[in-house]
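Side chains are part of it too, since the values below use all heavy atoms of this structure and drop only hydrogens, waters and symmetry mates. As the structure is a computational prediction, the values presented were derived from the model and not from experiment.
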Amino acid sequence: MSTPLPQLTRREVIRVGGLSVGSFFLPSALGANNVKPKSKVEPRGGADVCIFLFLKGGPSQMETFDFKEGSWTPEDFTAETITPELRMPTSVMPKLAKRHDKFAIIRSMESWEATHSRGTYYVQAGRLFSPARRSEIPSMGSVVAWETLNRRRTADFLPPFLSINMSSSELVGNGCLHRSTSPMAIRAGGKLPFVVAKDERELMARRRGLLEKLDREWREKDIGRGALLAEIDQRYNAAYPLLSNDKAATAFQLKDEDRERYGKSGVGDACVLARNVVEADAGTRFIFISHNGWDLHAKAFDKTAGNNQYKLCQGLDNALAALLDDLEARTDAQGRRLIDKTFIASMGEFGRTPGELTLNAGRDHYRYAAVGVFAGAGVKGGRIIGATDDVGGKVVDFGWHKKRPVYPEDVLATLYSTMGIDWSKKVIETPSGRPFEYVENISPKGYLEFGEVKELFA
């Protein structure tokens, strides 16, 4: 049994069609954006789409994929040794434990930031937040969208960059890149306004025709439409193919059986949508999912709390395990497994304080040790890179060729490489006059040469 397809009222047709889908549209021709490579690198390629599962709030490395058992561990938060290198909390992550050979883990990660707002920005933009450049720095999703616009086909009706469950105030947009690369943001738990009822489509078509007629008349009379009318025109044209395409109904439909298998949660529903969008193969290249609630400063193991370690781990376990299964089992029109063309990355903005819990029975922000999970598009499942000490507080084995911690910039370079993008490129002309580098080799510690974590791959 499936849930009813989302429908639009007359008022919503105009709201969505005219103003609220976002600024995505595919122009007939894009002007030169002065993008040039800084150095010679060889992108790996192989992925057509990326799913970035952001564990917003900062997950505890010790209670997830870098499990450390101690006096702080509740008796019912039990773990098992899966392989000589891997011990996982099977009481809350049984499904992922069984699928350990489908993903790789990096345990030698560090972050530059230890506050949520700046850390969340850093994950998306790959650099320190600068108020002076706030409006011109694009997110990684927009860079992927820009670099893959040449792959779009006439029949594609979905935006290149889709964000699910991320608050608009924290979502980084297209910056200095073309507005066609900005994210279309939706909430999996809310109404998904992407299907116009058939009896409303005639009204929508008439209004679109009226808009086009007025546009022709204005042009004939040499009356300038102005920036506002031009923007409305562009957004309406962007929305129309999506609202009037029956395939959108399938892409944004949440079937009851899928919701059940993915865990009936916000992150589960988001992962169902991500799977649908990947399978639709209709133009989306980057999907950003925010799994909220990992900021457990207090009562981390209190099952009566709204968010707790049990609930969050189980939600991730159900959603990510089902997503991996479905992408592995399904194929595209050419017979290629979806998992082989989809790069999956999952991490938070930082880790949590190691060892004993705080006085509030939780863990605080911690940037000196964190963990990330990666899968698909050639990633070697079962591989573990790096290690921390007995309490998960210090990286003691880097596990990769750079012989240092893995930073967000390295994850960004790896993501770009897998998508076939030269991460050394930079945009020469920006509003500030300072070039925008896809991956900037200037860190809070000074110059660092960031690059692909090639050890993730077979």
Side-chain angles (χ1 to χ4, degrees), residues 22 49-60 64-65 109 111 113 115-126 129 138-145 159-174 182-192 252 254 259 262-278 284-297 306-309 311-324 342-352 365 370-375 408 411-412 415:
V49 61
C50 172
I51 299 174
F52 196 100
L53 179 52
F54 181 44
L55 307 182
K56 187 174 180 295
S60 166
T64 53
F65 298 97
M109 296 180 69
S111 302
E113 298 283 11
T115 61
H116 290 301
S117 59
R118 295 177 69 89
T120 297
Y121 178 86
Y122 212 114
V123 167
Q124 296 176 81
F129 175 75
S139 73
M140 55 183 170
S142 290
V143 172
V144 170
F161 180 8
L162 180 66
S163 170
I164 309 175
N165 292 348
M166 184 69 171
S167 66
S168 58
S169 62
E170 296 178 293
L171 183 61
V172 179
N174 59 293
S182 64
M184 184 176 78
I186 63 174
R187 295 197 65 82
K191 188 172 184 179
L192 300 175
F252 292 101
L254 293 171
R259 294 196 66 236
Y262 277 71
K264 295 185 71 173
S265 64
V267 65
D269 290 351
C271 285
V272 174
L273 292 177
R275 181 210 65 188
N276 291 350
V277 168
V278 171
T284 297
R285 301 297 178 184
F286 192 89
I287 304 170
F288 187 85
I289 298 173
S290 183
H291 183 196
N292 306 314
W294 290 90
D295 190 27
L296 301 177
H297 286 278
N307 279 320
N308 57 71
Q309 199 70 44
K311 178 181 177 180
L312 290 163
C313 286
Q314 289 165 352
L316 178 62
D317 186 59
N318 286 320
L320 184 53
L323 179 63
L324 291 172
T342 307
F343 180 66
I344 301 172
S346 182
M347 58 184 282
E349 60 266 48
F350 38 65
R352 310 301 293 194
H365 305 173
V371 67
V373 174
F374 304 86
V411 174
L412 200 58
L415 188 158

(request) Using the test salt bridge (charged side-chain N to carboxylate O under 4.0 Å, His left out), find all partners of R285 that sit at least two apart in sequence or belong to another chain. (result) none
(message) I need the F54 CZ to S346 OG distance, nearest 0.5 Å.
(response) 10.0 Å
(request) Identify the heavy atoms of G315 and V267 that sit nearest to each other, and give their distance. (result) O-CG1, 3.7 Å
(request) Starting at CG of L273, measure out to CG of L254 and round the result to the nearest 0.5 Å. (result) 4.5 Å
(request) Determine the minimum heavy-atom distance between F129 and Y121, stating which atoms define it. (result) CA-CE2, 3.5 Å
(request) List for me each residue that meets side chain to side chain contact (heavy atoms under 4.5 Å, CB included) alongside P408, sequence neighbours excluded, and say none if there are none. (result) W112, Y122
(message) Measuring from atom CZ of F65 to atom CG of L55, what distance do you get when rounded to the nearest 0.5 angstrom?
(response) 7.5 Å
(request) Determine, stepwise, if the pair L324 / I344 fulfils side chain to side chain contact (heavy atoms under 4.5 Å, CB included). (result) CA-CA 9 Å; L324 291 172; I344 301 172; 3.8 Å; yes
(request) Measure the shortest side-chain to side-chain distance between V371 and M347 over non-hydrogen atoms and say whether it is less than 4.5 angstrom. (result) no
(request) Kindly indicate whether the side chain of I51, heavy atoms from C-beta on, has any atom under 4.5 Å from the side chain of L323. (result) yes
(message) Does the plane of the ring in F288 sit parallel, tilted or perpendicular to the ring in F286? Use 30° and 60° as the thresholds.
(response) parallel
(request) Determine yes or no for a side-chain-to-main-chain donor-acceptor pair under 3.5 angstrom, with S111 supplying the side chain and E349 the backbone. (result) yes
(message) Ignoring hydrogens, what is the shortest heavy-atom contact between G351 and A370? Give both atom names and the distance.
(response) N-CB, 3.8 Å
(message) Check whether Q124 reaches the backbone of E170 with its side chain - one donor and one acceptor, N or O, closer than 3.5 Å.
(response) yes
(message) Check this for me, if you would: do D295 and R352 make a salt bridge, where the nitrogen-to-carboxylate-oxygen distance has to be below 4.0 angstrom?
(response) yes
(request) Could you list the residues that satisfy side chain to side chain contact (heavy atoms under 4.5 Å, CB included) with A270, not counting sequence neighbours? (result) I164, N165, A188, I289
(message) Within the structure provided, determine whether N307 and N292 are in side-chain contact (heavy-atom separation under 4.5 Å).
(response) no
(request) Could you grab the distance from atom OG of S290 to atom CG of L53, nearest 0.5 Å is fine? (result) 8.5 Å
(message) With side chain to side chain contact (heavy atoms under 4.5 Å, CB included) as the criterion, how do Q309 and S60 come out once you've worked through the C-alpha distance, each side chain's angles and the decisive distance to 0.1 Å?
(response) CA-CA 9 Å; Q309 199 70 44; S60 166; 4.3 Å; yes
(request) Work out which heavy atom in C313 is nearest to a heavy atom in W294; give both atom names and the distance. (result) N-CH2, 4.0 Å
(request) Specify the closest pair of heavy atoms between F161 and V172, including all atoms of both residues, with the distance to one decimal. (result) CE2-O, 4.3 Å
(message) Testing the basics here: between T115 and H365, what is the closest heavy-atom pair and its distance to 0.1 Å?
(response) CA-ND1, 4.2 Å
(message) Any side-chain to backbone donor/acceptor pair from T284 onto P159? Under 3.5 Å, distance only.
(response) yes
(message) For the OG1 atom of T64 and the CG atom of L312, what is their distance to the nearest 0.5 Å?
(response) 11.0 Å
(request) Fit a plane to each ring of H297 and H116, take the angle between them on a 0 to 90° scale, and name the class: parallel (under 30°), tilted (30 to 60°) or perpendicular (over 60°). (result) perpendicular
(message) Test your reading of the model: is there a side-chain donor-acceptor pair from K56 to the backbone of G348, 3.5 Å cut-off?
(response) no
(request) Please check if the side chain of E113 supplies one atom and the backbone of R118 the other of a donor-acceptor pair under 3.5 Å. (result) no
(message) Any non-hydrogen side-chain atom of F343 less than 4.5 Å from a side-chain atom of F374?
(response) yes
(request) Output the distance between atom CD (Q314) and atom OG (S265), rounded to the nearest 0.5 Å. (result) 10.5 Å
